[in-house]
Amino acid sequence: MDTPADSGNAYSLGLALSGGGFRGLAHIGVLRTLERYGLAPDFIAGTSAGSLIGALYAAGKSGDQIEAIAFEVFWPGLLRSQGIRNFCRKYLPSKFEDLGSPLHVAATELPSWKTYVFSSGDLASALAASCATPYFLHRVHIGGTSYTDGGWGSVLPSSICRANSCRVVIGSDVWLRSAIAAMSGMSASSKHAQTLYSRQYVEAFRQCDAVVRPHIPFYTFIPNHASIRTLVHNGEKAAQKTLPKCQALAV
C-alpha cells in the first residue's frame, strides 16, 4: 500500500468505515452509538461511501447532524463526480487540513491497481476518487494520475488505522460481499475464510479489535427516507451488540 509520509503520531481510537454504496448510511448509526458510549474516534479511515460519512464526522458533525444531511441528499446524484463535488461544497471544507480530525481516504491508483491513501490537499477530489464506482464512474484524474473505487484493494480500511499507530481499531463493515459470506456461517477469522471473503478483507478484519456488521435488508437498497431510517437504526443496533464485547474498549 502506497501512502503519503505519516507524522508518526499515535491515536487512541481509529475508525475504519467500509465501502458499500447506499448501505454506507448504516455507518451513521455506528457513529451515534460510539457517541452514546462516550467514545470519540480521533482517527478516521474511509473507503467509498465510508469516506463520505467519515468526512462529515471529521468535519465535526454529530451522528444526528449527519443523519439530517442524509435526508437532504439525492444519493443517486453522488454516482457522478460532479455530484460528489457539489456535496462537498455544501457540507464540507475544501481541504483535508480544514477538518477537525485526521481523515485518510482510500482510492485505487491506475493502472497499478494499488491502494493509494489521500490525507491532504483537495478533499472533494479524494472523495470522488474513492467513490468512483466501476459501473457508473470509472475513474477520476488527479494531478495526471487516474484513480477508481478504493474498494478494489481496501474495502475495509483498518490497515490504514494500524499504519498510523491507532491503539484500538473499530471497523464498521457494510460491504455486500462480506454480508453474503457471513450468512454462510463462516467467520472472516476462520481458517478457510478466503474462499468466501477476499484476501484483502480477511486481513482487514484481522486488523480490527471489533467489527460492527449492521444487518441490512435488501429493500433498503432503494434510496428513500424509510430506508435511511432503517439503515441508521440497524447500524445502532449492531454497534450496541458488538462494542460492549470489545475488551480493548472497556465499554
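None of these values were measured; they are calculated from a predicted model. One-based numbering along the sequence shown.
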Are any side-chain N or O atoms of H104 and backbone N or O atoms of I44, one a donor and one an acceptor, separated by less than 3.5 Å? no
Report yes if the side chains of Y201 and S154 come closer than 4.5 Å at any heavy-atom pair, otherwise no. no
So which heavy atom on I170 is nearest to which on C246, and how close? CD1-SG, 4.3 Å
Would you say S62 and R32 are linked by a side-chain donor-acceptor pair, where the criterion is simply a distance under 3.5 Å? no
Aromatic ring pairing F118/Y147, orientation class (parallel under 30°, perpendicular over 60°, tilted between): perpendicular
Are the side chain of S178 and the backbone of V174 linked by a donor-acceptor contact shorter than 3.5 Å? no
Which heavy atom of D209 sits nearest to which heavy atom of V168, and what is that distance? OD2-CA, 3.3 Å
Kindly give the heavy-atom pair with the smallest separation between A132 and T148, and that separation in Å. O-OG1, 3.0 Å
Any chance you could lay out the side chain to side chain contact (heavy atoms under 4.5 Å, CB included) test for V105 and F96, step after step, and finish with the verdict? CA-CA 10 Å; V105 171; F96 279 87; 3.9 Å; yes
Between the main-chain N or O of Q207 and the side-chain N or O of R162, is there a donor-acceptor pair closer than 3.5 Å? yes
Which heavy-atom pair separates S172 from H27 by the least distance, and what is that distance? OG-ND1, 2.7 Å
Stepwise side chain to side chain donor-acceptor pair (under 3.5 Å) check, R206 with S158: CA-CA 9 Å; R206 291 171 179 168; S158 54; over 6 Å; no
Side chain E109, main chain S146, donor-acceptor under 3.5 Å: no
Is there a donor-acceptor pair under 3.5 Å between the side chain of T220 and the backbone N or O of P217? yes
Please enumerate all residues that pass salt bridge (charged side-chain N to carboxylate O under 4.0 Å, His left out) together with R229, with sequence neighbours excluded. none
Minimum side-chain heavy-atom gap T115-P157 below 4.5 Å: no
Working to the nearest 0.5 angstrom, can you tell me the gap between L99 CG and L92 CG? 7.0 Å
Is there a salt bridge (charged side-chain N to carboxylate O under 4.0 Å, His left out) between R139 and D149 once you walk through the steps? CA-CA 8 Å; R139 59 191 65 193; D149 183 14; over 6 Å; no
Which distance, rounded to the nearest 0.5 Å, do you find between the SG of C88 and the CG of L127? 4.5 Å
Mind checking the OG1-OH spacing from T145 to Y116? Nearest 0.5 Å is all I need. 8.5 Å
Check whether any side-chain heavy atom of V211 sits under 4.5 Å from a side-chain heavy atom of T242, and report yes or no. no
Could you state whether F71 and I53 fall into the same hydrophobic cluster, counting links through intermediate Ile, Leu, Val, Met, Phe, Trp or Tyr residues with side-chain heavy atoms under 4.5 angstrom apart? yes
Let's go through L56 and F87 carefully: what are the C-alpha distance in whole Å and the side-chain angles of both, what is the deciding distance for side chain to side chain contact (heavy atoms under 4.5 Å, CB included) to 0.1 Å, and is it a yes or a no? CA-CA 11 Å; L56 291 169; F87 174 91; 3.8 Å; yes
Of all residues at least two apart in sequence or in a different chain, which pass the side-chain hydrogen bond (donor to acceptor under 3.5 Å, both in side chains) check with Q240? none
Nearest 0.5 Å please: distance from the CZ atom of F218 over to the CG atom of L176. 6.0 Å
Without swapping roles, check the side chain of S227 against the backbone of I222 for a donor-acceptor pair under 3.5 Å. yes
For the residue pair F22 and I228, establish whether any side-chain heavy-atom pair is separated by less than 4.5 Å. yes
With distance as the sole test, does S130 use its side chain to make a donor-acceptor pair with the main-chain N or O of A126 at under 3.5 Å? no
Considering non-hydrogen atoms only, spot the tightest contact between P223 and W75 and give its length. CB-CB, 4.5 Å
Check whether R199 reaches the backbone of E203 with its side chain - one donor and one acceptor, N or O, closer than 3.5 Å. no
Aromatic plane relationship, F43 with Y11 - under 30° parallel, 30 to 60° tilted, over 60° perpendicular: tilted
In Å and rounded to the nearest 0.5 Å, what is the CD1 to CD1 distance from I69 to I28? 8.5 Å
Is there a continuous path of hydrophobic side-chain contacts, each under 4.5 Å between heavy atoms, that joins L17 to V169? no
Does Q200 reach the main-chain N or O of G151 with its side chain, forming a donor-acceptor pair under 3.5 Å? yes
Qualifying side-chain hydrogen bond (donor to acceptor under 3.5 Å, both in side chains) pairs, either residue in residues 47-61, two or more places apart: none
Distance (rounded to the nearest 0.5 Å) between D98 CG and L123 CG: 9.0 Å
Do L15 and C161 touch side chain to side chain, with heavy atoms closer than 4.5 Å? no
